[in-house]
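Note that the coordinates shown come from a computational prediction; the quantities given were computed from them, not determined experimentally.
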Amino acid sequence: APSFSATGSNFFDTPSSPSLQLSQFSVAAWFKTSSDFATDVTIVNKGGFGSETAGQNMNYGIWMNSAEKVKGGFESSTGTDFYVTSPNSYADNQWHYAVVTYDGTTVKLYIDGALVGSKTTSGATPDSSGTKPIRIAANSKTTPPTANFFIGDVDEVRVWNDDLTATEQANAFAGTTFD
């Protein structure tokens with residue numbers, strides 16, 4: 001406590017605004033789960049997944065797959081996926097800090113302060129035209145959500161309109177102040 005306890009049917013929304021529709025970004029969240037998921041589940045996302053229509057695709061997000069590996073990234077307006085998947089699974093009932101960044105050319109995924117993967121995008125642009133909310137613990141594609149519910153705890157979700165450096169995200173993980 002006071003983290004958000006996701007039960008598999010509840011969620012938390014922050015309404016969209018132009019300042020949250022991003023072409024470069026960093027998104028971070030602390031999460032804890034011991035669940036075995038049958039499908040992709042959302043820790044945090046804006047725009048959701050499951051659509052290939054401009055304005056309906058994921059602007060940015062962090063989620064887990066059925067192997068309980070963390071994924072982070074975005075979809076372009078044409079629905080092309082650009083994401084990174086962690087090599088390890090994280091359903092160990094321990095707190096972990098996930099950060100996904102995009103600088104306009106490379107998606108990077110950090111877990112617990114360490115870079116776990118990156119992917120070059122050849123300058124792809126996230127679908128930032130949609131007005132779906134930022135949603136914690138469920139897919140942002142539909143309201144009310146019907147799928148991709150996370151089960152566990154989520155805390156300190158943060159969104160930046162810039163890509164954090166390796167040092168900045170490590171400082172955020174460590175709780176150290178940075179600009």
Side-chain angles (χ1 to χ4, degrees), residues 3-4 6 10-31 39-65 70-86 97-111 115-150 154-166 168-169 171-173 178-179:
S3 62
F4 179 76
N10 63 339
F11 60 95
F12 181 84
D13 281 355
T14 296
S16 183
S17 70
S19 66
L20 295 172
Q21 295 167 249
L22 305 175
S23 58
Q24 293 185 13
F25 59 82
S26 294
V27 180
W30 284 93
F31 70 94
T39 187
D40 286 355
V41 296
T42 306
I43 296 171
V44 59
N45 72 137
K46 181 174 185 335
F49 43 82
S51 174
E52 305 308 331
T53 305
Q56 302 296 314
N57 296 308
M58 186 182 333
N59 189 178
Y60 44 82
I62 302 170
W63 63 102
M64 293 179 86
N65 65 16
V70 175
K71 299 172 108 176
F74 68 91
E75 290 179 289
S76 69
S77 62
T78 61
T80 303
D81 298 328
F82 295 96
Y83 61 85
V84 178
T85 305
S86 69
Y97 188 61
V99 180
V100 61
T101 68
Y102 185 58
D103 64 2
T105 60
T106 306
V107 176
K108 295 179 181 175
L109 178 63
Y110 299 88
I111 306 289
L115 180 67
V116 298
S118 64
K119 179 178 186 166
T120 301
T121 67
S122 301
T125 303
D127 187 353
S128 61
S129 64
T131 58
K132 297 293 184 184
I134 294 177
R135 181 166 290 156
I136 298 169
N139 191 351
S140 178
K141 182 181 149 223
T142 57
T143 300
T146 57
N148 310 104
F149 287 98
F150 181 78
V154 181
D155 204 4
E156 297 183 29
V157 174
R158 295 178 178 157
V159 178
W160 291 269
N161 64 354
D162 194 12
D163 62 307
L164 296 180
T165 66
E168 289 170 332
Q169 71 76 34
N171 287 343
F173 170 65
F178 67 96
D179 278 337

Taking side-chain hydrogen bond (donor to acceptor under 3.5 Å, both in side chains) as the test, write out the residues that go with [X], two or more places apart.
| X | answer |
| --- | --- |
| Asn59 | none |
| Asp103 | Thr105 |
| Thr121 | Tyr102 |
| Ser76 | Thr78 |

Please report the interatomic distance [atom1]([X]) to [atom2]([Y]), rounded to the nearest 0.5 Å.
| X | Y | atom1 | atom2 | answer |
| --- | --- | --- | --- | --- |
| Thr101 | Leu115 | OG1 | CG | 8.0 Å |
| Ser86 | Met64 | OG | CE | 7.5 Å |
| Lys132 | Asp127 | NZ | CG | 11.5 Å |
| Thr143 | Phe11 | OG1 | CZ | 6.5 Å |
| Gln21 | Asn161 | CD | CG | 12.5 Å |
| Leu20 | Thr14 | CG | OG1 | 7.5 Å |

request  = Test Ser128 against Leu22 for side-chain contact (heavy atoms from CB on, under 4.5 Å), laying out the working first.
outcome  = CA-CA 6 Å; Ser128 61; Leu22 305 175; 5.7 Å; no
Side chain to side chain contact (heavy atoms under 4.5 Å, CB included) partners for [X], two or more places apart:
| X | result |
| --- | --- |
| Thr165 | Thr167, Glu168 |
| Thr120 | Thr106 |
| Thr85 | Asn65, Lys69, Lys71, Tyr83 |
| Phe4 | Ala6, Asn10, Phe12, Ile136, Ala137 |

Taking all non-hydrogen atoms of both residues into account, name the closest pair between [X] and [Y] and its distance.
| X | Y | result |
| --- | --- | --- |
| Asn45 | Ser140 | OD1-N, 3.2 Å |
| Gly73 | Phe25 | O-CZ, 4.3 Å |
| Val100 | Gly61 | CG1-O, 3.7 Å |
| Ala28 | Tyr97 | CB-OH, 3.3 Å |
| Ala124 | Pro126 | O-CD, 3.9 Å |
| Val70 | Ala98 | CG1-CB, 4.3 Å |

task = Mind checking salt bridge (Lys or Arg N to Asp or Glu O under 4.0 Å) for Glu156 and listing every partner two or more places apart, or none if nothing turns up?
result =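 Partners of Glu156 by the salt bridge (Lys or Arg N to Asp or Glu O under 4.0 Å) criterion, ordered by chain and then number, come out as Arg158.
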key: salt bridge (Lys or Arg N to Asp or Glu O under 4.0 Å) partners of Asp13, counting only residues at least two apart   =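 Salt bridge (Lys or Arg N to Asp or Glu O under 4.0 Å) check on Asp13 returns Arg135.
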ask   = Would Thr42 and Asp40 count as having a side-chain donor-acceptor pair, cut-off 3.5 Å?
value =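 There is no such pair (donor and acceptor under 3.5 Å, judged by atom type) between the side chains of Thr42 and Asp40.
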key: Gln24 (side chain) donor-acceptor with Asp163 (main chain) under 3.5 angstrom   =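 A pair under 3.5 Å: no.
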key: Residues Tyr60, Phe74; criterion ring pair (Phe, Tyr, Trp, His ring centres under 6.0 Å); working and verdict   = CA-CA 5 Å; Tyr60 44 82; Phe74 68 91; 9.7 Å; no
side-chain contact (heavy atoms from CB on, under 4.5 Å) between Val154 and Val44, intermediate numbers included = CA-CA 9 Å; Val154 181; Val44 59; 5.9 Å; no
message = Once you measure the plane-to-plane angle for Trp30 and Phe173, does it fall in the parallel (<30°), tilted (30-60°) or perpendicular (>60°) bin?
response =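 Judged by the thresholds at 30° and 60°, the geometry between Trp30 and Phe173 is parallel.
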key: Residue pairs, two or more places apart or on separate chains, that pass ring pair (Phe, Tyr, Trp, His ring centres under 6.0 Å) and touch residues 128-148   =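 Those involving residues 128-148 do not exist here.
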All ring-ring contact (aromatic ring centres under 6.0 Å, His included) counterparts of Phe149, not counting sequence neighbours =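 So Phe149 forms no ring-ring contact (aromatic ring centres under 6.0 Å, His included) with any residue.
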